[in-house]
Structures are given as structure tokens and as C-alpha cells.
Amino acid sequence: MISAVLHRLVLSVPVLFGVLLFGFLLVQIVPGDPAMVVAGPTATADVVAAIREEMGLDQPVLVQFWSYLQRMAVGDLGRSMISNKSVTSELGAALWPTLELMIGSMVWSVPVGVAMGTLAAVVRGSLIDRAIMALSVAGVSLPIFFISLMAIQFLGVKWQIFPFIGRPGPWYTAEGFMALFLPALSLGSILIGPVARMTRSSVLEVLKLDHVRTARAKGLSETRVILAHGLRNALIPVVTLIGLQVGYLLGGAVVTETIFSWPGLGRLAVGAIMSSDFTVAQGTIMIFALGFITVNLIVDILYSLLDPRVRK
Amino acid sequence: MSVTSTNVPPAPQISGSIEGDVSQEFTAPARAHWLRRLLRDRAAFLALLTLALVILGAIFAPVLATHDPASNSRSVMTPPAWMARGNAEHWLGTDGQGRDIFSRLLYGARLTLLIGFAAVGLGGFFGSLLGLLSAFNAKIDPWIMRTMDVLLSFPAILLALALVAVMGQGIVPIVIALGISSIPDCARVARGIAIGVMKQEFIEAGRAVGLSNLQLFNRYLVRNAISSIMIFISLRFGQTILIGATLSFLGLGARPPASELGMMASQGRDFLLFAPHIAVIPSVVIFIIVLSANVAGDALRDVLDPRLQA
């Protein structure tokens, strides 16, 4: 068990290195001179040279990479080329809103997806099953910006139930909670389809197994058979799927945050790219990748905890 | 007759079943059979028909368009013809700049589809090449698959953000990003299929008659694996289109004056209150294209690989 976790941890080292290398190359291959961007259009050649030296851009690439790794190790991501604030503090400020949005969207969509998938599996082949499956395919095909726009149009503007611009406070305040509603609704809706599909096929798979037949033979009620013996085992692949979907959700968060002016990492990333703020862009992209790796690591470990067959 | 090194025996065709693979379906009569089964599925038939119509519309956009997609007119924000205040001149109405929405849709679908095809083609080519090489050579296999893991930790939209940061906004970075992000998936599928082929006896036989690695790879492995790989790659089309349109919606992809469906929806955002059709119509068209691609893809997968049927 512990060795499996260690093995998994060791495996993520090259991936981590790859991500770091990618982040480094990202700023290296940017067209133009980063020192010129920082110095601004009116700077003299002396100033640009001084900045270049300060940023270490006059050093050989390998030396630059080494000092980059050293800075990464202590969490120093440099300063924003536009606002001159430390990138780490900008990321820190944007991290929580994004987490809040992602958790807020999963809190309702995962249970709904699991319930829909289980129901579809239990009444397999019926009209309800087909309707649920059709809905989930439609859900996967719907552009998230369209869902967001429709949510704004109806729930925000027409019926004026929820606010739809910005984040006035954290989720535990009344205003913050209301403001979280529409972005979380939009983002969560893209998760329902994949979760429902996965749950359905997983439950179908499990219901065929011997222990389920035994449970039925024991005379347990059908509800108990499905919930205690079927669903519980079927959820293992669903957990893995949710881990994989975090990347998908992050992508959706970029769109949702932009549309709802949500002050999270996605909006920060898009804003930084639009204004050629390479250090902030690099920082947001790296933190996205690191988050994704971490989640998948946790999911893999969770998987081995949930499934005794993986524990070797 | 002696077998010389230049006299390569003809590449064998797979007739039996391959573990975890769909190749057995690919002899000519079987192929007709799965196509018939696919078309008998009503939903799949409808989806394929819709896709065909959209593709035809996109190809013949210059012929079908009733107006120049980029020219403004004085009638701004005209609703579609069937609504109040609509008129037959612009039967899907006009946008905020008075451009004809129907004509822009045709050209927009053109660009959206092109981005999708180019990206799937790019990712499919490099992905299957890497997957095939991985299956063929056990030494490079772990290296390739580890690299794929790194790529996989960059969700498509993030990769696109990174590339756009470097290359600037435009269609090319979007296509490259979508292509790259479909590489790991394609590589995994290709590797799985190719490993099945590599287990076949004719590979052993090819080695025994002294074929070079290149001949073995090219004539034996690639030819036997490629059709299955291509089918699986085509399943990615819907999602690729969707992400491409989303990126253009964010302003990272196609740029004005070009028309692209995601960008059209984004331009309609400002008029959501007075003229919702400007954002709704292109969004619905994206939805229809992606839905059709997904439904057709699912049906194709079901027909080709019954084990995947839930």
C-alpha cells in the first residue's frame, strides 16, 4: 500500500520537471525582449541593459534555467511586467475564488450526475434511461459560454434572482453566496454529462457481478442491493473520472470566470495574455498544471484506498 | 524462386480478432456491414445527415450566402424573418453591425470546421506516429508515454492560452494547441491498437524473414493498425470543435473581420438584452454540430466495438 503510493509519487517527478521546463521555455521563446517589455517603450538602452542584467537575461540559458529552478523552489515567480506586483501574491489572491468556483460547481453537479447515472442503469433500456443518456450527450455538446449567457439572460437579467457580475465576498457571506450561484451553476452543468455516463456504465458493470446476485439471493431489498452493493463499488471509476475532469473543469473555469468577471486564476490568465504580461501568464499556467497534477495524484492514491484489488 | 532482401513478402491482412481492438471488422464485406448497421441507427443517421449538410453548407458558402458576410448594412439588429419586425431580406436577421447572420453563419461554420479538421488531423498524425513507435520499440516506449503524461497535465484550453501567450492571438496557435492536446489521447489509443497488432504471428514471421525495422513498421504495423486508429481519432472531432469555438469566444482565436461561430456568439454578448438572436443562433449551430459529431461518434464506437456498449 505505502509502496504503491511512493511509486506513484516517484512517477510524478518527471511530470513535474516537464511542467517546470515548459514554464521556463514559455518565457524563453516569447518573441521580443522581456526586458524591453518591462522597461516600457520610452526607456533608454542603458535602462534596458540594466533590467536585462537584473532579470539575469544576459546569462547563458542553462544558468538561467538553474536560477529559475531555484526561484521556483522557494515559490518566487517574479513580478508582474505590468503592475510590478509579485506574481505569487497575485496568484494567491486569485486561487481561492477559483477553488470556490470549482468546489461550488462540483458540490451540486457530481451528486446530480451520479443520481442520474444510477437511475439510468437501474431502469436500463427504458424511456427514462434513454432520456437521461440523450440529456448527457446534449450536455457534453453544449458550449459553456452559451450556458453562462443563458443563465445571465434569464436568472440574472429577466427574473433578477441572482447577481451575475463579480464576487463581492467569500461564499459564507450572503452576497458572496448569491454571486457564486450562477457561475457555479454554469460550470457544474458541463460536468453532469460525463459523470452520469460514467456512473451508468460503471453501475451496469457492477450489477452483473456475483456479490450483487448473492445480495439479491439473500433477500435484500432492491434499493439496498443497488445502493450498498452496486453504487458503492461503482463509484471507484467515477472518482477517477472526476480527477480527470478537473482539467476540463479548469478550462471551463477560464470561460466562466471571464463571462462572470469572477476574480480567479482563469480571468487572471486571459487578462495577462491579452496584455502580454508574460510572468503572470507563466505563473497562472504553471499553477493550473500543478493543481491538475496534484489532483490526479490524490485521485490515484484515493483509488488505491477505495479498491483493495489495487493495493498490492 | 529465392527470397532476397528486396523481395518483401506482401503485408498480411488481419483476419482474426485482436485483443482490445476493432480490426477484425475491417475486411471489405464486414466494412459494408458496419456502415449499414450505423445507418440503421436512427439517431446516428440523423446526426450524419446533419453533419453532411453543415459541411456542404460550409463548402458552398460563397454560393449559398445571400450577402457579403463582412459588409455592414443600415438595418442593425434585425430579428429573424419569422419574428415581429423581421424581414425576408435577412432571414436569420442581422447582427450589431448590420451584417447578415445567415451568410456569416455559413462562413463561420467554414472556419470552425476547418479549425477542427486541421487540429484533429495534426494531433491524430503525430499522436498515432508516437503511439505506433511506442508499441514498436520497447526502449522508447516509457519515454514517449511519460512525455504524453506531461502533455496530458496541460488541459487543452491551458495549452492554448500558453501558445497564444507566445504566438499572439490567431487561428494558427489555436490549431496547434488543439492538435497538441489531442496528441496524448491519440497516442494512447494508437499504442493500444498497435500492441495488439505486434502480438500477431506475422510480425514474428516478418522478423524471421529478415525484414528491416522500417519495413516491418511501415508495411506490417502501420498498414494493419491505421484504419482502427483513424476511426478512434475521428471520435475527437466534436470536442475539438467545441474547444476551438470556446477559444474564439474568449477572443484568443479567430479575429475580426473573419467570421467564426464562437466569435459571432461573443460579439452577440453585448446585445443579449435587445437582440438575443445574435448570440443564440451561432451558439445553437455550434451545439448542433458538436452534438451531431458526438452522437455519430458514439454510434460508430458502439457498432465497431460491441464490448464498449454499456
Side-chain angles (χ1 to χ4, degrees), chain A residues 11-12 14-19 21-23 25-27 29-31 121 124 134 137-138 140-146 149-150 152-153 157 197 200-202 204-205 244 246-252 254-255 258-259 266 269-270 272-274 276 278 281-282 284-285 288-290 292-293 296, chain B residues 43 47 142-143 146-147 149-169 181 238-239 241-243 245-252 261-262 265-266 268-269 272-273 276 279-280 282-284 286-295 297-298 308-310:
Chain A
L11 276 184
S12 56
V15 178
L16 192 65
F17 183 78
V19 169
L21 182 66
F22 185 88
L25 290 176
L26 192 69
V27 173
I29 53 180
V30 156
R124 184 189 180 184
V137 179
V140 188
S141 314
L142 210 55
I144 179 159
F145 56 79
F146 186 52
L149 291 181
M150 286 301 101
I152 291 180
Q153 171 81 343
V157 177
R197 281 176 86 150
R200 177 180 180 270
S201 61
S202 182
L204 282 179
E205 203 63 29
L244 286 172
V246 166
Y248 179 58
L249 213 55
L250 273 175
V254 174
V255 182
T258 307
I259 293 179
V270 173
I273 287 164
M274 292 294 194
S276 303
F278 298 120
Q282 181 197 38
T284 46
I285 290 165
F288 269 140
L290 287 181
F292 186 64
I293 293 175
N296 276 295
Chain B
W143 290 98
R146 245 351 76 216
T147 313
D149 282 349
V150 178
L151 272 186
L152 213 56
S153 47
F154 279 85
I157 287 199
L158 294 187
L159 201 63
L161 288 176
L163 280 179
V164 172
V166 174
M167 298 170 68
Q169 289 117 286
S181 59
Q239 285 313 301
I241 293 256
L242 190 58
I243 302 174
T246 306
L247 288 166
S248 288
F249 178 88
L250 286 174
L252 300 171
L261 298 176
S266 162
R269 243 171 99 182
L272 209 54
L273 285 182
V280 170
S283 304
V284 169
I286 297 171
F287 173 59
I288 291 172
I289 295 176
V290 177
L291 182 67
S292 308
N294 284 342
V295 168
D298 283 355
L308 289 174
Q309 283 174 6

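Any value given below was found using the heavy atoms of this structure, including those in side chains, with hydrogens, waters and symmetry copies removed. Naming: A, B, ... by sequence-line order, numbering from 1 per chain. Not measured: the values here are computed from a predicted model.
Pairing each heavy atom of B:Ser283 with each of A:Pro143, the nearest pair is O-CG, 4.1 Å. Counting all heavy atoms, side chain and backbone alike, A:Ser141 lies closest to B:Asn294 at OG-ND2, 3.0 Å. B:Arg269 and A:Thr258 make their closest contact through NH2-O, 4.2 Å (heavy atoms, listed as atom of the first residue, atom of the second, distance). Taking every heavy atom of both residues into account, B:Val280 and A:Met150 meet most closely at CG2-CE, 3.6 Å. Between B:Gln239 and A:Val140, the shortest heavy-atom contact is NE2-CG1, 3.4 Å.
Residue contact with chain B, scored on non-hydrogen atoms closer than 4.5 Å, involves the backbone and the side chain of A:Ala138 alike. Looking at B:Leu250, the atoms closer than 4.5 Å to chain A (heavy atoms on both sides) sit in the backbone and in the side chain alike. Proximity to chain A (any heavy atom under 4.5 Å) is restricted, for B:Pro276, to the side chain, taken from C-beta onward. Neither the backbone nor the side chain of A:Leu21 comes within less than 4.5 Å of any heavy atom of chain B.
Looking only at heavy-atom pairs under 4.5 Å with chain B, the residue among A:Ile144, A:Val254, A:Ile152, A:Ile273 that has the most is A:Ile273. Taking chain B as the reference chain and counting heavy-atom pairs below 4.5 Å, the highest number among A:Leu149, A:Leu250, A:Val270, A:Thr284 is found for A:Leu149. Contact tally against chain A (heavy-atom pairs below 4.5 Å) for B:Ile243, B:Thr246, B:Ile241: the top residue is B:Thr246. No other option in A:Gln282, A:Arg197, A:Glu205 has as many heavy-atom pairs under 4.5 Å with chain B as A:Arg197.
Atom CZ of A:Phe145 and atom CG of B:Leu247 lie 10.0 Å apart (nearest 0.5 Å). The CD1 atom of A:Ile259 lies 4.0 Å from the CZ atom of B:Phe249; values are rounded to the nearest 0.5 Å.
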